[in-house]
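Structure first, then comments.
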Amino acid sequence: MTPASAATAAVGKLRFGFACIPLGLPQPVVRTCRLENATPSRLRELIEANLAALDACLDYVARLNLELFRINSGVIPFASHPVNGLPWTRLYAAPLAALGRKARRLGLRLSMHPGQFTVLNSPSPDVVAASVAELKYHADFLDALGMAQDSKVVIHLGGVYGDKPAALRRLDGAWARLPRDVRRRLVLENDERLYSAQEALDAAERLDAPMVFDRFHHRVYGGPSGAPVAALLRRAVKTWRRRDGRPKVHFSSQAAGEKAGTHGETIVKGEFEEFLEESRGIDLDVMVEARAKEAAALEARDWARQAGRTK
DNA sequence: CCGCGTCAAGTTCAT
DNA sequence: ATGAACTTGACGCGG
């Protein structure tokens, strides 16, 4: 290794992306319908429109030279609901595979983030069953694209129900019962109210899952731990095995004047510069979560580039 | 055509 | 007790 490349490796490179809604594309990325209108033919029409829109999204993300993109969970409407009995992985096997080929050709790493209704540790068996079905859908979607195991499905730990140790035991139990093809996609993320980075790390290490460190959530709800971000980040990085791909983090800033935990329009430069310090020497994929979407991701990338931290 | 009330799902917290 | 917020606005009725 030359001195130059050794120096390059040591600085820690960052790649960037954003979630779900490219504001620079004219039409909606995900169309849906009301449950009462969800006939098979309507669902097929929507799926076809959504896959076409996703195709355009991939081109757009690549054109911006970003590497990460989070796919909207609504791409297959009512995917885990009984109303959608379509064998969509079979019906759309060819277009799905083509989307995956395109993503890989463009060098994109994909991810998904199921909604708040996915609660693996609920005391209600029905809620858990619905959550497992929802996770299965997300994993099936990425599988249908043929994406490697580094394209992830990010979830939070779940609820607390007034007894966190019991809630965590239920999480462990539900996790153990997940199908392998679902579990291999999952990543645990700290949230802004219930489970701190420390707690998410404990769970991730216990369950042998990767952990996404969300710096903004950590700021809003740091939990009892006084560990500095840099230390938590290094611990999170260790939860990612080679097959899981480059460790990922989420980055966002508080919306000025709004409730704590609300994502801001863009990200605050000073905070990002702190993060550049905290992450020095680590290669990371950074999912920027901001209302300005790709504009915020591009801005962060520019700041990283100026610091010699891109790619 | 446009405005605006409503939309599958769970859980928590603020009001 | 009710509703907003959460990964994300869009659907679709009524005028």
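First the proteins, then the strands, lettered A, B, ... as listed; each starts at 1.
Rounded to the nearest Å, the gap between the P atom of C:dG12 and that of B:dA9 is 16 Å. Taking the C1' atoms as reference points, B:dC7 lies 15 Å from C:dG3, given to the whole Å. The same atom, P, is picked in C:dA5 and in B:dG5; the two are 16 Å apart, to the nearest Å. Nucleotides C:dG9 and B:dG10 have their P atoms positioned 23 Å apart, rounded to a whole Å. With both ends at atom P, the span from C:dT8 to B:dC2 equals 27 Å, rounded to whole Å. Rounded to the nearest Å, the gap between the C1' atom of C:dT7 and that of B:dG3 is 27 Å.
A:S253 and A:E271 share a side-chain donor-acceptor pair at under 3.5 Å.
Following chains of ILVMFWY side-chain contacts shorter than 4.5 Å, one can reach A:M112 starting from A:L186, so the two form part of one hydrophobic cluster.
Here A:F213 and A:H218 bring their ring centres to under 6.0 angstrom of each other.
For residues 57-75 of chain A, proximity to DNA chain B is found at no residue, defined as any non-hydrogen atom under 4.0 angstrom from a strand atom. Near-neighbour residues of DNA chain B inside residues 148-156 of chain A, defined by a heavy atom below 4.0 Å, are absent. Shown for residues 157-166 of chain A: no residue has heavy atoms falling under 4.0 angstrom of DNA chain C. Within residues 31-51 of chain A, the residues that have a heavy atom under 4.0 Å from DNA chain B are, in order of number, A:R34, A:L35.
Taking atom CG of A:L194 as the reference point, atom C1' of B:dG10 lies 12 Å away to the nearest angstrom. One interatomic measurement links the two molecules: CG of A:D191 to P of B:dT12, which rounds to 11 Å at whole-angstrom precision. For the pair A:K293 NZ and C:dT8 C1', the computed distance is 7 Å after rounding to whole Å.
In this structure, of B:dT12, B:dA8, C:dC6, it is C:dC6 that holds the atom nearest to the side chain of A:Q116.
Exactly one of A:D202, A:L207, A:T239, A:L201 qualifies for a side chain to side chain contact (heavy atoms under 4.5 Å, CB included) with A:L188. That residue is A:L207.
Using a 4.0 Å heavy-atom criterion, one finds that A:S124 contacts no nucleic acid atom at all. Within the nucleic acid shown, A:E289 has no heavy atom closer than 4.0 Å to any nucleic acid atom.
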| message | Working note: A:R15 + A:D283, criterion salt bridge (charged side-chain N to carboxylate O under 4.0 Å, His left out); need CA distance, chi angles, decisive distance, verdict. | response | CA-CA 8 Å; A:R15 306 192 306 171; A:D283 290 342; over 6 Å; no
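Residue-environment remark: CZ (A:R42) exceeds the threshold of 12 foreign heavy atoms within 6.0 Å.
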| remark: Writing each nucleotide of DNA chain C 5' to 3' as (, ), [, ], | or . by Watson-Crick or G-U pairing under 3.5 Å yields ||||||..|||||||
Table please: side-chain donor-acceptor pairs of residues 89-96 of chain A below 3.5 Å, with sequence neighbours left out.
from, atom 1, to, atom 2, distance (Å)
A:Y92, OH, A:R44, NE, 3.1
A:Y92, OH, A:E48, OE2, 2.7

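A:F117 does not qualify as a stacking partner of the B:dG10 base, lacking a centre-to-centre distance under 5.5 Å together with planes within 30°.
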